[in-house]
Amino acid sequence: MAVERFFDERLIGADPALEAALQSSAAAGLPAINVTPAQGRFLHLLARIRGARRILEVGTLGGYSTIWLARALPTGGELISLELNPDYAALARANVGRAGLADRVDIRVGSAASSLAHLGQNDPRPFDLVFIDADKPSTPLYFEWALRLTRPGAVVVIDNVVRDGAVADPATAEAGAQAMRRFADSLAGEKRVSATALQTVGSKGYDGFILALVVA
Ligand code: SAH
Ligand code: DHB
Ligand code: MG
């Protein structure tokens, strides 16, 4: 935690719009399961490195990661974020608006599975980056949609793949870790992506991302 603070103070600094997003989320009783500032900046940098013009996020919560990602977009770029809970989505819209990003963020309420099917039917324009961070047992399904809605060169990031190390425990009782075990199994021999796992520590505990580059 001291290390996290050390780097956050130097590399991230004060950020009123992001801090307001977290404060309003806490005040409204949302769970504090947003990415950390350093992880948010990581997502933001990935989007910029990719030159992303279209970003898809699965799991909005109060819009904290949404703001980090949307700030990477050029004028005319678009981020679509999918959220089941209409109250969370409303708060996220307010937070995104306060961050000055309402013109490029579209938050869609509903189960991500149905919103993704709707996107596949009605708007097959490919995304450059997909961030998957919703209900963990559906991660394999969301990943399949991510592949359908991208082209080679796109980046897919999946959050919460380590779950305090439970992912490596075949006997884990935690549904999220079981889901990530199945997901990792499905990536073995998956020819459409080149993927790695990044373990993270800090204020949100011991967790991690899978980072996948779509190659075919
Ligand atoms: N990406 C956010 C955190 C998301 S937390 C951030 O880092 O700031 C996970 C979110 O997924 C929650 O807001 C939860 O309501 C949402 N969610 C859970 N099940 C869902 C589903 N079936 N479809 C869409 N969203 C879902
Ligand atoms: C949980 C969900 C998340 O997206 C996260 O980053 C941490 C925890 C959860 O559902 O417990
Ligand atoms: Mg997460």
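Fair warning: this is a prediction, and the values are worked out from it, not measured in the lab. Atoms within each ligand, like the ligands themselves, are counted from 1 in listed order.
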Contact check: [X] vs ligand 1, nitrogen or oxygen atoms, below 3.5 angstrom:
X	value
A112	yes
G63	no
S111	no
F131	no

At the Mg ion (ligand 3), OD1 of N160 and OD2 of D159 open up to roughly (10° bins) 90°
Element-labelled atoms of ligand 1 that are located less than 4.0 Å from some non-hydrogen atom of [X]:
X	result
Y88	13 (O), 15 (O)
Y142	21 (C), 22 (N), 23 (N)
T60	2 (C)

[atom]: the protein heavy-atom neighbour that sits closest, reported with distance to 0.1 Å:
atom	value
atom 7 (O) of ligand 1	V35 N, 2.9 Å
atom 6 (C) of ligand 1	S65 OG, 3.0 Å
atom 26 (C) of ligand 1	L84 CB, 3.6 Å
atom 14 (C) of ligand 1	E83 OE2, 3.5 Å
atom 9 (C) of ligand 1	D133 O, 3.1 Å
atom 5 (S) of ligand 1	I33 CD1, 3.5 Å
atom 19 (N) of ligand 1	D135 OD1, 3.3 Å

Examine the side chains of [X] and [Y] and answer whether a donor and an acceptor come within less than 3.5 Å of each other.
X	Y	answer
S25	N34	no
T172	Q178	no
N95	Y64	no

Would you say the Mg ion (ligand 3) has S65 as a near neighbour, meaning an N/O/S atom of that residue under 2.8 Å away? no
Out of the candidates [options], only one should pair with [X] under the side-chain contact (heavy atoms from CB on, under 4.5 Å) rule; please name it.
X	options	result
K136	V161, N160, I158	N160
V105	T60, V96, L69, I80	V96
M180	I210, V167, D207	V167

Ligand 2: which residues have a non-hydrogen atom closer than 4.0 Å? I33, D133, K136, D159, N160, R163
Are L187 and V215 grouped together when hydrophobic residues (ILVMFWY) are joined by side-chain heavy atoms under 4.5 angstrom apart? no
Min side-chain heavy-atom separation F209-F131 under 4.5 Å: yes
Does any part of the side chain of L73, heavy atoms only, come nearer than 4.5 Å to the side chain of L101, both counted from C-beta? no
For ligand 1, is any non-hydrogen atom under 4.0 Å from V58's backbone (N, CA, C, O), its side chain (CB onward), both, or neither? neither
Nearest heavy-atom pair of V109 and A89: which atoms, and what distance? CG2-CB, 3.5 Å
How long is the straight-line distance from CZ of F127 back to OG1 of T150, given to the nearest 0.5 Å? 10.0 Å
Salt bridge check, [Y] against [X]: does any charged N sit closer than 4.0 Å to a carboxylate O?
X	Y	result
E144	R192	yes
D128	R125	no
R71	D15	yes
R54	E78	yes

Is the shortest distance from a heavy atom of W68 to ligand 1 less than 4.0 Å? no
Strictly under 4.0 Å, does any heavy atom of G110 approach an atom of ligand 1? yes
Checking one value in my table: which N/O/S atom of D133 lies closest to the Mg ion (ligand 3)? OD1
So with a 6.0 Å cut-off around CZ of R148, is the heavy-atom count from everything else above 12? yes
